[in-house]
Amino acid sequence: EYGSYVRNQYDVFQTAKPRIRELADRTGEMVWLIVEENGMAMYLFGDGGSLDINVDSLIGTWRHLHLNSGGKAILSEFPEKRVREIVATHGLPKRTPYSPS
């Protein structure tokens, strides 16, 4: 309950939620809203369109930015100094043998 309350305070959540649902409905694909906080990716909202998957399992979880496409997109917009700070703090752990390092 606390997490939902905090999430609802994010302006980006209120703005993006209907657009994410629309994009998921239009494409039938999974669409996520993630934000960077303290050098990590936080999953705020997801919608699977017509796909039947459990999106609640990721909402509110933290992931390393380099291990998902949304996080990579976020990192690509940061200055090199900020990316180096994130790597120094969190490292580049692998999730699979094919994860970037």
Next on the checklist: I'd like to know if Glu36 and Arg82 make a salt bridge, using a cut-off of under 4.0 Å between side-chain N and carboxylate O.
Outcome noted: yes

Checklist entry - Considering only heavy atoms from C-beta outward, does the side chain of Val31 approach that of Asp47 to under 4.5 Å? => result no

Next on the checklist: For the CD1 atom of Ile20 and the OG1 atom of Thr15, what is their distance to the nearest 0.5 Å?
Outcome noted: 10.5 Å

Item to check | Phe78 vs Ile86 side-chain heavy atoms within contact, under 4.5 Å | outcome: yes

Checklist entry - Just by modelled atom types, is the Lys94 backbone N or O under 3.5 Å from a matching donor or acceptor in the His64 side chain? => result no

Next on the checklist: For Pro93, is there any backbone N or O sitting under 3.5 Å from a side-chain donor or acceptor partner on His66?
Outcome noted: yes

Checklist entry - Do Met42 and Arg63 come close enough that some side-chain heavy atom pair is under 4.5 Å? => result no

Next on the checklist: Just so I know, are the side chains of Val12 and Leu44 near enough to count as touching, which here means a heavy-atom distance under 4.5 Å?
Outcome noted: yes

Item to check | Close aromatic pair by centroid cut-off 6.0 Å: Trp32 and Phe45 | outcome: no

Checklist entry - If you measure from the Lys or Arg side-chain nitrogens to the Asp or Glu carboxylate oxygens, is any gap between Glu22 and Arg19 under 4.0 Å? => result no

Item to check | His90 NE2 to Leu65 CG distance, which is reported to the nearest 0.5 Å | outcome: 8.0 Å

Item to check | Shortest non-hydrogen contact between Ile59 and Gly46, atoms and distance | outcome: CD1-N, 4.0 Å

Item to check | Heavy-atom closest pair, residues Ala24 and Gly48 | outcome: CB-C, 4.2 Å

Checklist outcome for this item: Value for OG1 (Thr61) from CD1 (Ile34), rounded to nearest 0.5 Å, stands at 10.0 Å

